[in-house]
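A short write-up of the structure that comes next.
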There are 2 protein chains.
Amino acid sequence: MTDGSNMVAAATLIADHTRAKMLTALMGGRALTATELAGAAGITKQTGSTHLRKLLDARFVAMEAHGRHRYFRIADEEVAQLLEELMSFSARSSDRTYATGPKDPALRKARVCYDHLAGELGVLLYTSLLQRHAFDFDGATIALSPAGERLIADFGIDAHAVRSQKRPPCRVCMDWSERRHHLAGAVGAALLARVIERGWAVRGKSSRAIHFRPNGERAFRGYFHLNGVLHEAV
Amino acid sequence: MTDGSNMVAAATLIADHTRAKMLTALMGGRALTATELAGAAGITKQTGSTHLRKLLDARFVAMEAHGRHRYFRIADEEVAQLLEELMSFSARSSDRTYATGPKDPALRKARVCYDHLAGELGVLLYTSLLQRHAFDFDGATIALSPAGERLIADFGIDAHAVRSQKRPPCRVCMDWSERRHHLAGAVGAALLARVIERGWAVRGKSSRAIHFRPNGERAFRGYFHLNGVLHEAV
DNA sequence: CCGATGGTTCGAGGAGCATCGAACAATGAC
DNA sequence: GTCATTGTTCGATGCTCCTCGAACCATCGG
């Protein structure tokens, strides 16, 4: 009821180092097999299996069986949002003065956050879209303005398909390391997908990094008018 | 690091029925004593003391000693936001078809959510303010527009004092029962405080309800142009 | 059909932690 | 000063649940 017993159930699932590692790994956006997740968490596959069962029962993750492999992924955007909130919250008290974010320059520059672009390029993209008035605020979520619709349509994204998704089209995601906001939601995911589709960047195999090709980054920055220069490391 | 060990610590604190009850009770917005909190959670004061110590160490709650009493309250808006997110998330899967929200009509109509107004009147207030373009969206949080500034200044709120608070002035809060949004943040808190200051309503003693006086509700609805009529129970 | 690999189920062991009884410190009322 | 109330600390108890060894299904490749 009002005592939030469900809240306890949700928190309990995350309040375990092993499951937290699994969920964090899945926040990389890829679907991973049970063995891969057990490895990522540093436990045997038996233990991993029980944890995945719990996460599955609670609809925290979704499963798809391909042959003898079982691929797990974050169930939906709501779960991703909860995890984001928790990470963002946890990042507050711990490092205060400490340098925020990962040390790996590639990760700082561009990485995936569940299914959308984070890191400096993600922040710059969102900032640029804001300046060009691509969004309207309707009281609950932000949505594409007519200008925004045109912008992503020109970029090669089917605005209609994006709108028809269940999840909100646009959502502001507070990155737990950058302390800046970037774009999540269906549009955020579509933008990242299109950037990769265009060959401007590739996703790191086992890391969360997004590796932009030199000319890809030039094209990306040019297309979206990103002038910011931070951490010019390559 | 990136494994979210802090996330586990935060989740662990909430992943206990006793602490969850305490935190839920504190989300009522009042500062409560250790004994009151132990009573609310249904445990002895010894056990309650250990839990409060943990919550205090983690900065989830803040404590103020008044004589031999020790008053605990939610530490800050960030903690409140995390709890809101968790409750909102938990409300999703459980009751799907089930009627949402508390059954008590008084609670449905108007109640406190940490420090701001929730329930139907809270939703109506936010909706009305939106229609009158009281907010601007700056990319990270919503803020008062010039029209909004005038509006709350006329209502008797010191806009400057509100702006000088550390926490964001305006924040959209998704109520876990109403499934609608209402206004949180410094402005949301100031609005509720002013409503009570004006004598339009009083806070329930041991409940979360906000009891509007008949003429107080008329004045409130009139002032903010709230036309909605739902649950005309009194 | 047979080995190899991915994944699950079962049982036992063990660690963590919530809980309360008891004793103690601190403050307020009279 | 004396007593009652508030709150904390300590120790013992017991439960939950994480973990892995072992055994067992399912699928793929030959």
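To find a chain, count down the sequence lines: A is the first, B the second, and so on, and within it residues start at 1.
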Which pairs of donor and acceptor atoms, one on a side chain in residues 46-58 of chain B, lie under 3.5 Å apart (sequence neighbours left out)?
residue	atom	partner	partner atom	Å
B:Gln46	OE1	B:Thr44	OG1	3.2
B:Thr47	OG1	B:Thr44	OG1	3.3
B:Thr50	OG1	B:Thr47	O	2.7
B:His51	ND1	B:Arg19	NH1	3.1

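- The salt bridge (Lys or Arg N to Asp or Glu O under 4.0 Å) check on A:Arg171 picks up A:Glu77, A:Glu84, with sequence neighbours excluded.
- A:Arg19 has its CZ atom 9 Å from the C1' atom of D:dC18, to the nearest Å.
- At whole-Å resolution of the value, CG in B:Leu55 and P in C:dA18 are 10 Å apart.
- Note on A:His51: a side-chain N or O is less than 4.0 Å away from OP1 or OP2 of D:dT19.
- Residues satisfying the salt bridge (Lys or Arg N to Asp or Glu O under 4.0 Å) criterion with A:Asp76, sequence neighbours excluded, are B:Arg92.
- With sequence neighbours left out, A:His181 forms a side chain to side chain contact (heavy atoms under 4.5 Å, CB included) with A:Tyr126, A:Val172, A:Met174, B:Ala140.
- Annotation: side chain of A:Leu121 is not in contact with side chain of A:Leu125 (no heavy-atom distance under 4.5 Å).
- Residues satisfying the side chain to side chain contact (heavy atoms under 4.5 Å, CB included) criterion with B:Arg198, sequence neighbours excluded, are B:Phe155, B:Arg194, B:Trp200, B:Tyr223.
- Every residue meeting the side chain to side chain contact (heavy atoms under 4.5 Å, CB included) condition with B:Ala40, not counting sequence neighbours, appears here in chain and number order: B:Ala25.
- In this structure, the CG atom of B:Asp16 is 7 Å from the C1' atom of C:dA18, given to the nearest Å.
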Each nucleotide N or O in nucleotides 14-16 of chain D that has a protein N or O under 3.5 Å away: list the pair and distance.
none

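- Residues passing the salt bridge (Lys or Arg N to Asp or Glu O under 4.0 Å) test with A:Arg70: none are found, sequence neighbours excluded.
- A:Ala189 is linked by a side chain to side chain contact (heavy atoms under 4.5 Å, CB included) to A:Asp115, A:Arg167, counting only residues two or more places apart in sequence or in another chain.
- Contacts of B:Arg213 classified as side-chain hydrogen bond (donor to acceptor under 3.5 Å, both in side chains), with partners at least two apart in sequence or in another chain: none.
- For the pair A:Thr44 and D:dC20, the criterion of a side-chain N or O lying under 4.0 Å from OP1 or OP2 is met.
- Between its opening and closing five pairs, the helix from C:dC1-D:dG30 to C:dC30-D:dG1 changes axis direction by 30°, a value rounded to 10 degrees.
- Of the candidates C:dT19, C:dA18, D:dC18, the closest approach to any side-chain atom of B:Lys54 belongs to C:dA18.
- Between B:Leu37 atom CG and C:dT19 atom P the separation is 14 Å, expressed in whole Å.
- When all heavy atoms of B:Leu183 and B:Cys170 are compared, the closest pair comes out as CD1-CB, 4.0 Å.
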With the sugar-phosphate defined as primed atoms, P, OP1 and OP2, and the base as all remaining atoms, what B/S/- string results for nucleotides 5-16 of chain C, 5' to 3', for protein heavy atoms under 4.0 Å? BSBBB-------
